[in-house]
> 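Quick one: structure below, then a few questions.
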Amino acid sequence: MNKKIAVLPGDGIGPEIIEQAVKALQAIEKKFNHSFEYNYGLIGAAAIDKLGNPYPDDTHTLCSNSDAILFGAIGDPKYDNDPSAKVRPEQGLLKMRSNLGLYANIRPVKSYDALIEASPLKNDRIKNADFVVVRELISGIYFGKPRGRSEDNTIAYDTCVYTREEILRITEKAFQFAKNRKKKVTLLDKANVLATSRLWRETVTEYAKQFPDIELECNFIDSAAMEVITKPTKFDVILTENLFGDIISDEASVITGSLGMLPSASLGNKVSLYEPIHGSYPQAAGKNIANPMATILSAALLLEYSFGLLEESKTIVNAVERAMNEGIVTEDINNGKYSTSAVGDKIVEYILN
Ligand code: IPM
Ligand code: MN
């Protein structure tokens, strides 16, 4: 198979973790006789520094003309500590998601037996937890208008807007996932307070009627925030809006034991993007200590969802799990002794053998 992959390393640890994921993909090319072309683009603080724009047109063109996008991380503390900064790295990510129509963010969460001790949660609670968060990614309070400040600067506002159509397309995705999993969708909302949540609940409940074999449960986000770490095994597919999904997926990462383990896919109708859910971890940048597994697992999702290469994808997942089982891990997991590149090298070795 011949495919073009846009590679956007981004900021902080982005370049070093992306390097490991590209190594893993190259090993897959070799083992399964595929040919992937990697074209690199700028995004985030790296793009602001060079071009003054966190999502340059060239990057957009590159992404639009690729079969899939592999993305590292975004964010730089020099902007976080400057509330007056006009351009921020994160705007690049939001603009890319929106311009490429990446409406469905898929974040699988599971507890790995080898890492169960790495989680601060009680083992018996998290054992066998395995669910996927399906987060709406290009609407809601992240993008709603109006947003901004009053003229005298004493009032600030953001607006949460959802259309039925936006809710429906992400609901379809969630039900597709549920069909191939344990056949349960849990909608998380705040329908006791928010008008948008009531539209979500109405739309999703109506849609679910076509699928009597899929169980639909509607929960409030606040109590679900508790259940996601006290009873994580009750979830199969979590369907939710942009902001709730952002928060609940970081919380859910505690189950896995390290934020460095969670991959994600952002699916659109044309091209899709794959990235670890963690950020740019600037304190670790350039030190060769960051966990590359989430990014490598994101490459596995890329092979599965964008290219339909199931065996290849499974080969990467198995190699990562083998590394975990054999203690080939970075310091974030059980005080692992391996560097970013050493973990990447081992995973490459396991893919090839
Ligand atoms: C994420 C991140 C982003 C978000 C930031 C970096 C804009 O936290 O992908 O979850 O809030 O969506
Ligand atoms: Mn987030």
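Each ligand, and each atom within it, is numbered from 1 in the order the structure gives.
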> Taking Glu326 first and then Arg322, would you say they form a salt bridge - that is, a charged N and a carboxylate O separated by under 4.0 Å?
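Salt bridge flag = yes for Arg322 with Glu326.
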
> In the protein, what heavy atom is nearest to atom 2 (C) of ligand 1, and what distance, to one decimal place, separates them?
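I find the closest protein heavy atom is Asp246 OD1, 4.1 Å.
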
> Salt-bridge test for Lys183 and Asp213: reply yes if a basic N is under 4.0 Å from a carboxylate O, no otherwise.
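Answer for the salt bridge query: no.
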
> Looking at Arg107, which atoms of ligand 1 are within less than 4.0 Å of one of its heavy atoms?
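So the answer, numbered in order with elements, is 1 (C), 9 (O), 10 (O).
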
> Around atom 11 (O) of ligand 1, find the nearest protein heavy atom and jot down its residue, atom name and distance.
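I find the closest protein heavy atom is Tyr142 OH, 2.5 Å.
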
> What protein heavy atom sits nearest atom 9 (O) of ligand 1, and how far off is it?
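Atom 9 (O) of ligand 1 sits closest to the protein heavy atom Arg97 NH2, 2.7 Å.
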
> Flag the pair Asp236 and Arg181 as a salt bridge only when some basic side-chain nitrogen lies within less than 4.0 angstrom of an acidic carboxylate oxygen.
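Salt bridge between Asp236 and Arg181, a charged N being under 4.0 Å from a carboxylate O: yes.
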
> Can you tell whether the side chains of Glu241 and Arg135 come within less than 4.0 Å, N to carboxylate O?
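The answer is no: the pair does not qualify as a salt bridge.
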
> Is it true that some N/O/S atom of Asp246, main chain or side chain, lies under 2.8 Å from the Mn ion (ligand 2)?
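Yes.
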
> If you measure from each heavy atom of Arg135 to ligand 1, is any distance below 4.0 Å?
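Yes, Arg135 has heavy atoms under 4.0 Å from ligand 1.
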
> For the residue pair Tyr274 and Phe71, is the inter-centroid distance of their aromatic rings smaller than 6.0 Å?
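When the ring centroids of Tyr274 and Phe71 are compared, they turn out to be at least 6.0 Å apart.
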
> Please state which protein non-hydrogen atom is closest to atom 6 (C) of ligand 1 and give its distance, to 0.1 Å?
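Nearest neighbour among protein heavy atoms for atom 6 (C) of ligand 1, to 0.1 Å: Glu90 CG, 3.8 Å.
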
> Less than 4.0 Å between a side-chain N and a carboxylate O, is that true for Lys182 and Asp130?
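No, no charged N to carboxylate O under 4.0 Å.
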
